[in-house]
Amino acid sequence: MTIRLKYQAREMHIKKQYRNAIKTQTLQYKALQKQILEKAPREKHKELTKQIREEKMRKMADLAVQYDQSISEMLQRQTVRYTLNLYSR
């Protein structure tokens, strides 16, 4: 397996982890929303739903940034290793 294929496989793995993390967080937020709305008075449901949605979007954006950074760091390491291999020949 070439170096390039290894890194593509790692990148795909990181992206898969991200998708799984998003699915997990979505389920957790749905459960949280249900739990909160069960205890809250009906007139506050709209406001609480909006707050939960905003928090969810903010956390998912943070998660996306983390995974993008992981991929970028991996690509930078790949570039450095490739460059070092070229010069060491």
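A single hydrophobic cluster is seen to contain both Ile22 and Ile71, as judged by linkage of ILVMFWY side chains at heavy-atom distances under 4.5 Å, directly or through other members. Linking ILVMFWY residues whenever their side-chain heavy atoms come closer than 4.5 Å, directly or via other members, leaves Met57 and Ile36 in distinct clusters. Ile14 and Leu63 fall within a single hydrophobic cluster, where Ile, Leu, Val, Met, Phe, Trp and Tyr are joined by side-chain heavy atoms under 4.5 Å apart, directly or via other members. In terms of hydrophobic clustering, with Ile, Leu, Val, Met, Phe, Trp and Tyr side chains grouped at heavy-atom distances under 4.5 Å, Met74 and Tyr18 are assigned to a common cluster.
Using a 4.5 Å cut-off on side-chain heavy atoms (C-beta onward), Thr26 and Lys30 make contact. Between Glu55 and Tyr29 there is a side-chain heavy-atom pair separated by less than 4.5 Å. Side chains of Met60 and Gln25 form a contact here, defined as non-hydrogen atoms less than 4.5 Å apart. In this structure the side chain of Lys15 never reaches within 4.5 angstrom of the side chain of Tyr67, judged on heavy atoms. Contact of the Lys46 side chain with the Lys50 side chain is not registered, since no non-hydrogen atoms from C-beta on lie closer than 4.5 Å.
To the nearest 0.5 Å, atom CD of residue Gln33 and atom NZ of residue Lys56 are 8.0 Å apart. Atom-to-atom distance recorded for Ser72:OG and Glu11:CD is 9.0 Å, nearest 0.5 angstrom. Annotation: the span from Thr24 atom OG1 to Gln17 atom CD amounts to 11.5 Å, rounded to 0.5 Å. For the atom pair CD of Gln69 and CD of Gln76, the computed distance is 10.0 Å after rounding to the nearest 0.5 Å. Considering CD of Gln28 and CG of Leu32, their distance stands at 9.0 Å, rounded to 0.5 Å.
Between His45 and Leu37, the closest heavy-atom pair is NE2-O, 2.9 Å.
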